[in-house]
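We number each residue from 1, following the sequence as shown.
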Amino acid sequence: MNKYINLNRLEFFITNACTGKCKHCSEYERLHLKESINAEAAVNVIKKLEGKFALESVMTFGGEPLLFADTVCAVHTAANDSLIPERQLITNGFFSENEQKIDEVAEKLCCSGVNSILISVDVFHQEFIPLETVMKFAEAVTKYGIPSILAHPSWVVSEIHENPYNTETKELLKTFTDKGFGTSKGNHVFPFGAALNHLNEYFPPPEEIDLSVPCGSAPYTTRLDNIDCFGINPNGDVRLCALTIGNIYEDDILNIVENYDPHKIAEVKALLEGGVSGLLHFAKLRGIEVDISKCRSACGVCKKVMEALTEKNKMCRV
């Protein structure tokens, strides 16, 4: 269908709204945005793409996605009906303190076909979110037979790095493992958003960032001419890392896929050919000077430069 896209995974960012204000949150600046993804539009994306690609996984996350539990369930029901094998939810487990509501949502998740739940448990989430309530949710989804339920921590630097955040996270995880729950590998804190304010000392200084790294080489990223995963934002944007390639509320997802050509997007071509340093050079040629003094990763630089180029392009179209 498109030689640059061979999807096996869809990720739906259900909402920016959240019940926490974590120190490590990469989306901290967007938490005031309370919109949620349109359930009908999200379901339509799954139905159209599953007929074109061998999709293996659908994930919902946020923000706190279970603030919009019906939308989460609609997405996973569509994934289940489409026989997509992995139907995964990432949640902080704290969307209500009402035990009946917790139980009702747990049952709905089971009925919708969710078969993997990652529950965020670490020092950052538990500063704001009561572990007792999270445990009630974990026990409820266990009762309804969801096959995989794992605590999903965020690590500073790495799991084996010795720092007070990781030490406290390991103590919190013990509460889960003592109840018989497993733990995922977790993820590493991204040097974006609130993390730059609270955890700056754990990220490399700007002068040590390697900007020659090729596109798609960093963890959790994909090369922009070999796409295997889409992210869909609450506002409908179809995201590939820092790049928006369309909007599902404004265009058909199949048109977005068919029309994507990274070599016809000047900034993407620069990134693919010259790495992040090539993208930065391209921005300078466009007359855009980007302050990267607060960036702590090549991904952070790429994201900031892409945002500046997007704004420039919008101004040129006006």
Side-chain angles (χ1 to χ4, degrees), residues 11 13 16 18-31 59 61-65 88-94 116-135 137-138 149-179 181-211 213 216-222 231 241-242 276 291-304:
E11 298 180 350
F13 195 123
N16 286 287
C18 195
T19 49
K21 296 180 180 179
C22 301
K23 284 186 172 71
H24 74 314
C25 183
S26 60
E27 301 295 329
Y28 189 82
E29 295 174 356
R30 297 183 177 88
L31 294 183
M59 183 182 77
F61 68 112
E64 176 39 54
Q88 187 176 70
L89 164 69
I90 300 180
T91 172
N92 66 31
F94 183 55
S116 173
I117 298 181
L118 299 178
I119 304 176
S120 300
V121 176
D122 50 52
V123 61
F124 305 109
H125 287 87
Q126 268 50 75
E127 182 177 0
F128 299 93
I129 294 166
L131 192 57
E132 180 182 358
T133 304
V134 176
M135 188 63 71
F137 170 72
I149 303 160
L150 300 174
H152 187 58
S154 288
W155 302 109
V156 176
V157 183
S158 70
E159 181 179 356
I160 63 173
H161 189 270
E162 294 186 7
N163 62 71
Y165 297 102
N166 286 353
T167 298
E168 190 168 342
T169 289
K170 288 174 182 177
E171 287 297 316
L172 289 164
L173 289 172
K174 191 173 183 300
T175 303
F176 259 65
T177 56
D178 285 350
K179 292 276 190 177
F181 292 101
T183 302
S184 76
K185 293 180 180 179
N187 56 49
H188 297 164
V189 174
F190 297 105
F192 300 140
L196 287 177
N197 296 327
H198 299 287
L199 304 167
N200 200 34
E201 63 187 287
Y202 296 102
F203 304 126
E207 60 269 18
E208 293 182 11
I209 299 174
D210 180 7
L211 296 182
V213 295
S217 61
Y220 316 113
T221 65
T222 185
C241 292
V276 180
D291 180 10
I292 62 172
S293 62
K294 293 184 179 179
C295 295
R296 292 295 182 269
S297 69
C299 282
V301 174
C302 180
K303 182 179 180 181
K304 193 156 189 179

Would a 4.5 Å heavy-atom cut-off, applied to side chains only, mark [X] and [Y] as touching?
X    : Y    : answer
P65  : I90  : no
K304 : V301 : no
K21  : E127 : no
P164 : V123 : no
L118 : F61  : no
F181 : I149 : yes

Measure across [X] and [Y] and return the closest heavy-atom pair with its distance rounded to 0.1 Å.
X    : Y    : answer
I209 : S297 : CD1-N, 3.4 Å
V121 : T169 : O-CG2, 4.2 Å
K170 : E159 : NZ-O, 3.1 Å
L211 : A298 : CD2-CA, 4.3 Å
A195 : V189 : CB-CG1, 3.8 Å
P206 : S293 : CG-O, 3.1 Å

Test item: [X] side-chain N/O and [Y] main-chain N/O as donor-acceptor pair under 3.5 Å:
X    : Y    : answer
W155 : K185 : yes
E27  : N16  : no
N166 : V156 : yes

So how far is it from [X] [atom1] to [Y] [atom2], rounded to the nearest 0.5 Å?
X    : Y    : atom1 : atom2 : value
F190 : C299 : CZ    : SG    : 8.5 Å
Q126 : T175 : CD    : OG1   : 9.0 Å
K23  : S154 : NZ    : OG    : 14.0 Å
E168 : L173 : CD    : CG    : 11.0 Å
M59  : F13  : CE    : CZ    : 9.5 Å
R296 : Y202 : CZ    : OH    : 14.5 Å

Given L131 and F176, is the side-chain contact (heavy atoms from CB on, under 4.5 Å) satisfied, shown in steps? CA-CA 9 Å; L131 192 57; F176 259 65; 3.8 Å; yes
Apply side-chain contact (heavy atoms from CB on, under 4.5 Å) to N92 and V134, showing your working. CA-CA 7 Å; N92 66 31; V134 176; 5.9 Å; no
Validation row, ring centre F94 to ring centre F137 under 6.0 Å: no
So Y165 and L199, side-chain contact (heavy atoms from CB on, under 4.5 Å) or not? Walk me through it. CA-CA 10 Å; Y165 297 102; L199 304 167; 3.4 Å; yes
Show, in sequence, the C-alpha distance, side-chain angles and deciding distance for K174 and T177, and conclude whether the side-chain contact (heavy atoms from CB on, under 4.5 Å) test is met. CA-CA 5 Å; K174 191 173 183 300; T177 56; 4.2 Å; yes
Applying side chain to side chain donor-acceptor pair (under 3.5 Å) to T167 and E162, what does each step give before you reach the verdict? CA-CA 7 Å; T167 298; E162 294 186 7; over 6 Å; no
